[in-house]
Each structure stands twice: as C-alpha cells, then as structure tokens.
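The structure appears right after this line, and notes come after that.
We count ligands from 1, going down the list as the structure has it; atoms in each ligand are counted the same way.
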Amino acid sequence: MEELNTKCLIIGSGPAGYTAAIYSARANMNPILFEGIQPGGQLTITSVVENFPGYPEGKPGAEIMEDMKNQALRFGADIRGGEIISLDLSKRPFLCKSDDNLTIIADTVIIATGATAKWLGLPSEAIFNGYGVSTCATCDGFFYKNKTVAVIGGGDTAAEDALYLSKLCNKVYLVHRRDQLRASKIMQDRVLNAPNIEMVWNHVPIEILGTVQGFSKNVTGIQLKHTQNAQEKTLTVDGVFVAIGHSPNIDLVKGQLAIDNENYIITEPGTSKTNIAGVFAAGDVQDRNYKQAITAAASGCRAAIDAERFLQH
Ligand code: NDP
C-alpha cells in the first residue's frame, strides 16, 4: 500500500477546498486534496453564478470551479480524484486512507466536505427518486422540456431551480410552506415576475403520486397539504424538484470532531479551528449562517492560514 506524507490534507473540492489548496500550496505546505464524489462540489450543479466577485457578467458554476482547480494546480497542489474513506484524528500526525488504497499521513487536515441536498423524507419520494423526483434542476431539468414540474422550497436554491426550469418547462409550480420566500430579494423578484412560475404558498408535499409498472416509473402529480387549514389538494406534474436546503457532510468525522445540534462542525469563533489541534474546518460543513460560494472560499483561505500558523508553533 502506497504511503504519502503531507503537511496539509484537504478533504473536499468546493470553493473552500480549492481555496485552501491555493493558499497552502503557496505557503509550501505541499497540500494533497481529495476531490470526493462530486469534484467541484455544489457549484458544479448550479447554473450561472452571478454573485461571485470577479465575474461581472456571471459565469457557470462548473467553470468557476475549474478556474479554482487550475489555480491550485498552478501552485503545485496535488489534487486527486477520489475519496478519503477513513480518518483517524486521535493522534498526530493523522492517519487517513483513500478509496484507492493510499495511506496519507498528514500533519494537518482541513475538512471541506460541504453539504448534501436534503430530502423530504416521504416514502413515495424514495420510490420515484431518479424517475421524476430530483434534487438537481440543472442535471435533470432537460428531461422535463415543455412539461410541468413542481419545485419544493423557498430559499435561493428553490428560486434558482424554479427560474432555471421555467426556461425549459411550460409551467413551474413553486411550493413553499410559508407565505413569504426566504430567497434573496433579487431572486424573489425574478420568481414572482416569471410568467410561467406559479406560487403555491402555505403548502407542504405529503405524497408524490405516480405509476409503477415493473422498472417503469412515472410521476403524475403531487399531493399537498395546507399548512394552516390542513386542506389537501393535488397538482398534476411530470416532475418534482426538492430544494429544501442541505445537510453538512460529516460522516468522516462524526464521533471525532465536535458538532452542533444540526450536524455542523463547531469551530472556534473567528477561526477555522476545530476541537482537535491541527484539524480545521471550512465551507458549508461548518457554516450554518451564510453558505455562499464566496464565504466558503474565504473560510478555505482562513483554514490554510490557520494550518500554516499551527505548524509554525
Ligand atoms: P435554505 O435553507 O436557505 O432554504 C431552504 C428552504 O426550504 C426554506 O425556504 C425552507 O422553508 C424550506 N424547507 C426546509 N425544510 C422543508 C421541508 N421539510 N418541507 C418544506 N420546505 C422546507 O436552503 P437553500 O439550499 O435554498 O440555500 C442554502 C444557502 O445557499 C443559503 O444561504 C442561500 O443563500 C445559498 N444559496 C445562494 C445562491 C445564490 O446566491 N445564487 C444559490 C443557492 C443557494 P422556510 O423558509 O420556512 O424555513
């Protein structure tokens, strides 16, 4: 089994991971970064990113992530496709294993594993997952060209998904559990002014409706319940996009690092330091407040600087 030594192992390849790689590579820490199962992270499945500074006209998320990766490579970061599958944080240096059978011995570790889309938790949602139910509008929207779909949620992701789908589909229902969107004002204005997006306020899904014949499954509608008067109604739709937020990806560190009641890694205020010396956290895995690409990038920068300073002492 091959063994690698590094001053800094970075786990995750969103804006936090790549920015940590840029900074730690420039600090001669010879970082090794494992990209994980979704190289580039969540931004690779968003459409155009309009609020990342430096791109006045906006740019597709996937291209921004490619730019960040290339910038890290330029400074010598060792970027590897694949996953870290085990991590022993009980003593330093930290012993890690990858899915391609490498052992990595790391003086410091930066956890930048991001977050994964949440599901509603309905049994029928699981039945039709991949057959009419999705959490990725940019991946699956194409299949609903000229059809009718529902997006569930009221945040920026739901607004962005609804707008993206409104350009492909005849009609988009945006189903939200309250009577006011959580999304940023600019996204709210766009959604509310889109001619083929219809808001369905104060409703939650209680069932995904569809047909199952052998391996053939089709969504035909969604059953909703009013959040105040409990009245039920059905929308006829061909697809359902769930956009109700994200959960931090903490499986690797669960039981080792301190986490809060919503599973975010706890960091010392104003720093990226976790409860274990030499282990730092950056990006959405530790951010319950902002969760923006730019704040993730900034926290990756902080983690790299914190790791560098830690090794100097
Ligand atoms: P959010 O947590 O912001 O929003 C989740 C939405 O889903 C809320 O409206 C919430 O309702 C609703 N919701 C949560 N659970 C359920 C449930 N079980 N049933 C029905 N509805 C539910 O998540 P997002 O993914 O939208 O955004 C996460 C972060 O990423 C935010 O900070 C956002 O600003 C950022 N982001 C920024 C983008 C951009 O700037 N272009 C694009 C996408 C995301 P309620 O409002 O009642 O709590």
Sequence neighbours excluded - salt bridge (charged side-chain N to carboxylate O under 4.0 Å, His left out) pairs with any residue from residues 183-195: E50-R190
Contacts of type side-chain hydrogen bond (donor to acceptor under 3.5 Å, both in side chains), residue Y290, not counting sequence neighbours: none
Exercise answer, ligand 1 polar atom pairs (N/O) under 3.5 angstrom:
unit_1: ligand 1; atom_1: 9 (O); unit_2: G154; atom_2: N; d: 3.1
unit_1: ligand 1; atom_1: 9 (O); unit_2: G155; atom_2: N; d: 3.3
unit_1: ligand 1; atom_1: 11 (O); unit_2: R177; atom_2: NE; d: 3.1
unit_1: ligand 1; atom_1: 11 (O); unit_2: R177; atom_2: NH2; d: 3.4
unit_1: ligand 1; atom_1: 25 (O); unit_2: T157; atom_2: OG1; d: 2.6
unit_1: ligand 1; atom_1: 25 (O); unit_2: H246; atom_2: ND1; d: 3.3
unit_1: ligand 1; atom_1: 26 (O); unit_2: D156; atom_2: N; d: 3.2
unit_1: ligand 1; atom_1: 26 (O); unit_2: T157; atom_2: N; d: 3.0
unit_1: ligand 1; atom_1: 26 (O); unit_2: T157; atom_2: OG1; d: 3.2
unit_1: ligand 1; atom_1: 30 (O); unit_2: K291; atom_2: O; d: 3.3
unit_1: ligand 1; atom_1: 32 (O); unit_2: Y290; atom_2: O; d: 3.0
unit_1: ligand 1; atom_1: 32 (O); unit_2: Q292; atom_2: NE2; d: 3.2
unit_1: ligand 1; atom_1: 34 (O); unit_2: D156; atom_2: OD2; d: 2.7
unit_1: ligand 1; atom_1: 34 (O); unit_2: Q292; atom_2: NE2; d: 2.9
unit_1: ligand 1; atom_1: 40 (O); unit_2: N51; atom_2: ND2; d: 2.6
unit_1: ligand 1; atom_1: 40 (O); unit_2: Q292; atom_2: OE1; d: 3.4
unit_1: ligand 1; atom_1: 41 (N); unit_2: E160; atom_2: OE2; d: 3.1
unit_1: ligand 1; atom_1: 46 (O); unit_2: R178; atom_2: NE; d: 3.4
unit_1: ligand 1; atom_1: 46 (O); unit_2: R178; atom_2: NH2; d: 2.8
unit_1: ligand 1; atom_1: 46 (O); unit_2: R182; atom_2: NE; d: 2.9
unit_1: ligand 1; atom_1: 46 (O); unit_2: R182; atom_2: NH2; d: 3.4
unit_1: ligand 1; atom_1: 47 (O); unit_2: R177; atom_2: NE; d: 3.0
unit_1: ligand 1; atom_1: 47 (O); unit_2: R178; atom_2: NE; d: 2.7
unit_1: ligand 1; atom_1: 48 (O); unit_2: R177; atom_2: NH2; d: 3.0
unit_1: ligand 1; atom_1: 48 (O); unit_2: R182; atom_2: NE; d: 3.3
unit_1: ligand 1; atom_1: 48 (O); unit_2: R182; atom_2: NH2; d: 2.7

Looking only at side-chain N and O atoms, does [Y] offer a donor or acceptor that is under 3.5 Å from a partner on [X]?
X    : Y    : value
D156 : S184 : yes
E66  : Y18  : no
Y55  : D67  : yes

Y144: partners by ring pair (Phe, Tyr, Trp, His ring centres under 6.0 Å), with sequence neighbours left out: F241
